[in-house]
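Working notes, beginning with the structure itself.
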2 protein chains.
Amino acid sequence: MKRATAQNVAMEAGVSKWTVIRAFTPGASITEASKAKVLEAAERLNYRPNLLARSLATNSTHQVAVLVDDFANPHKLPFLEKLTASLQAEGLVTMLININQHYNHVHAILNADQRQVDAIVLFGTAFRDEMLTDHKLGRGGPPMFVLARDSQIEGVPAISCDAVVAIAEIGEHLLKRGYRRPGFMAGARTLSTALGRRRNFKEFWRTALGVELVEMSAERYSAEAGAQAARDYLSKIAPEDRIDVLMCENDALAFGAMDVARSEFGLRVPDDLAIVGFDNAAPAASPAYGLTTYEQPTDQMVKAAIDMILERAPRETVNFKGELVVRDSA
Amino acid sequence: MKRATAQNVAMEAGVSKWTVIRAFTPGASITEASKAKVLEAAERLNYRPNLLARSLATNSTHQVAVLVDDFANPHKLPFLEKLTASLQAEGLVTMLININQHYNHVHAILNADQRQVDAIVLFGTAFRDEMLTDHKLGRGGPPMFVLARDSQIEGVPAISCDAVVAIAEIGEHLLKRGYRRPGFMAGARTLSTALGRRRNFKEFWRTALGVELVEMSAERYSAEAGAQAARDYLSKIAPEDRIDVLMCENDALAFGAMDVARSEFGLRVPDDLAIVGFDNAAPAASPAYGLTTYEQPTDQMVKAAIDMILERAPRETVNFKGELVVRDSA
DNA sequence: ATATTTTTTGCTACCGGTAGCAAACGTGCA
DNA sequence: TGCACGTTTGCTACCGGTAGCAAAAAATAT
């Protein structure tokens, strides 16, 4: 059975289609009587307005494209939950786009644009900045935002957790606990904008103790990749030269690193090797890990993103302060 | 700057708008010469077809609504990754809808319908079957599918992992290992259709040994809820009466239960209490858990779902065989 | 009762495409 | 040169709504 249109309802109710539309438009000029008549007819025909047609006419879809490329990070799930819930609370709908080898940012943005989304959110995805500027995307297209990562791109504001403050807080904590030989594990992509945490951490130790950071990098942002990177490092370093604390760019890496340190090298955490993560993903709280990590203020970030999308707040980069979560691992 | 339309390009190229459309329609009747002329003009104006308008005219959006209500389950993330990637590979786009207290299934389905999605996928969500039949949703609406959960609903096929086979396999394994006092932890919602795993497990032990299952249920499907349920049980049972193996309805519950058993009650897993999960979520593989669990054939399930959506396969319930993943916990 | 104002209803034009028919064009053949 | 035929192009009508003006109806003032 084909869907009923406003025209069908109009005939059923004996009015014009514009009256039907008015019955479904809050605040429109229509008498109670005709409204009731129309709604009754609509009920009978099971009519509900076609939002596609409405979007075409009003030039607004209430759809927001959310680009994600890092499904290995367990932290993405609760974050995504908040984001979708908050968008829905504002009457917006989420178009989830998976960025991978077969479907890159340019593809995704072009497609989202053609679908007339109201905004595009790059949710913690890794990309070269040139990608976005090269292709003269954006000119005339929907506004773009970078969430949970920083952005140097002209006209693309970022909503993120203040990396400088976060790293300083973590560094101070580690210093106070007496760690002196720091290491840092990054996810593979050494993109200019993704270097923040590493650079700040490196700078911190240099300034504080004049100590050089031991750097390692994983293939991807996943526990497996973190495990492999830790394995590579630990197997080739002499115990006496070993770092005493490892900061990982995110929790996924930290879980892998901790697994390997404990089960493959018999190291006690934190006594032989302390480990710090970033994100406060769910397993970090479990006694199986007890990971000291840094929690991003996801509520504030989501709220800020939505305020910008809805133009309730100026569209400019904002940073929020997160919170150090101290557990057993460091 | 406003987006260019086919009309604009037509004027720029000196042809009619229909010729422009043809240049963008694969296989349309158009000379190479005019096609080149049009594409050049389109390039100059940065034109790309408006998919909203196309959808309205063709009555097909290539959008699929995916309803999720269980963001606490870490297994959802990789599953969602596969699902979105596969949909995208077929030119479909994912509308991710978060089902929660503020936004229920009826809301979601109605809204997705109004947005003219090509299909609705209930991805492992919990709902009362009446919900869908009550509201005469579906009549005339987009086809619906239940993914990763079974369905008794008329006209709504399910794509899932065969629970009978899975539970039998798990049961046999536990029996062989010598466990004799089984327990089962369910997520709270005791919905008729969600009882499959529990009922089968119960039946298995009754048939095999004439033993009664100890049942407990968590508030939700999350590690915290699983922890609480385990805590409740372990704190009120005498050690000599304790079950020797606990099967959890999913891995999230199992992680919580294992945490509590080990760190709060000092139990060794599996010696004092064996634990089995379901889903093979990422942390299950980590030595920190080493959880024996059951892996759903997600690739097959996703493929089957998409084949049904695209009508390449008959739209009827299918079950796939998963695989028992034996690790240390049982 | 009539004139005036306000509310309600209907209308045309439009959003940016698609479908499919009809006219225009080009080509091959008699 | 003329005609038939296939290809290319342009056209009308349509998808299902919205915007905002004009006419009709109802409410108020004189």
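Source: prediction; values computed, not measured. Lettering of chains follows the sequences in order, A, B, ..., and the numbering in each one begins at 1.
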With distance as the sole test, does B:S151 use its side chain to make a donor-acceptor pair with the main-chain N or O of B:V156 at under 3.5 Å?
yes
Would you find more than 12 non-hydrogen atoms of other residues, nucleotides or ligands less than 6.0 Å from B:K37 atom NZ?
yes
Return the value, rounded to whole Å, for the distance between atom CD of A:Q7 and atom P of D:dG17.
10 Å
Would you say the side-chain atoms of A:R220 pair up with the backbone N or O of A:G187, donor to acceptor, closer than 3.5 Å?
no
How many whole angstroms separate atom CG of A:L56 from atom C1' of C:dA13?
14 Å
Just how far, in rounded Å, is P of D:dG10 from CE of B:M11?
13 Å
Is there a donor-acceptor pair under 3.5 Å between the side chain of B:T317 and the backbone N or O of B:A158?
yes
Atom CG of A:L52 to atom P of C:dT18: distance rounded to whole Å?
13 Å
Return no unless some side-chain N or O of B:K2 is found under 4.0 Å from OP1 or OP2 of C:dG16.
yes
Starting from P on D:dT9, measure out to NZ on B:K35 and report it in whole angstrom.
12 Å
Ion pair check, A:R312 and A:E90, cut-off under 4.0 Å:
yes
Parallel, tilted or perpendicular: rings of A:H107 and A:Y103 (30°, 60°):
tilted
If I take atom CG in residue B:N50 and atom P in nucleotide D:dC15, what distance separates them, rounded to the nearest angstrom?
18 Å
Side-chain touch B:F24/B:R48, heavy atoms, less than 4.5 angstrom
no
Contact residues, residues 16-34 of chain A to DNA chain D [heavy atom, < 4.0 Å]
A:K17, A:W18, A:I21, A:R22
B:Q114 CD to D:dG16 C1', straight-line distance once rounded to whole Å
13 Å
Take the C1' atoms of the five end pairs on each side of the helix from C:dA1-D:dT30 to C:dA30-D:dT1, derive the two axes, and give their angle rounded to 10 degrees.
50°
Where the side chain of B:R115 meets the backbone of A:L51, is there a donor-acceptor pair that is under 3.5 Å apart?
no
Please confirm whether the backbone N or O of A:N98 pairs with a side-chain atom of B:Q88, one donor and one acceptor, at under 3.5 Å?
yes
Please state how far atom CZ in B:R115 lies from atom P in D:dG16, giving the value in whole angstrom units.
17 Å
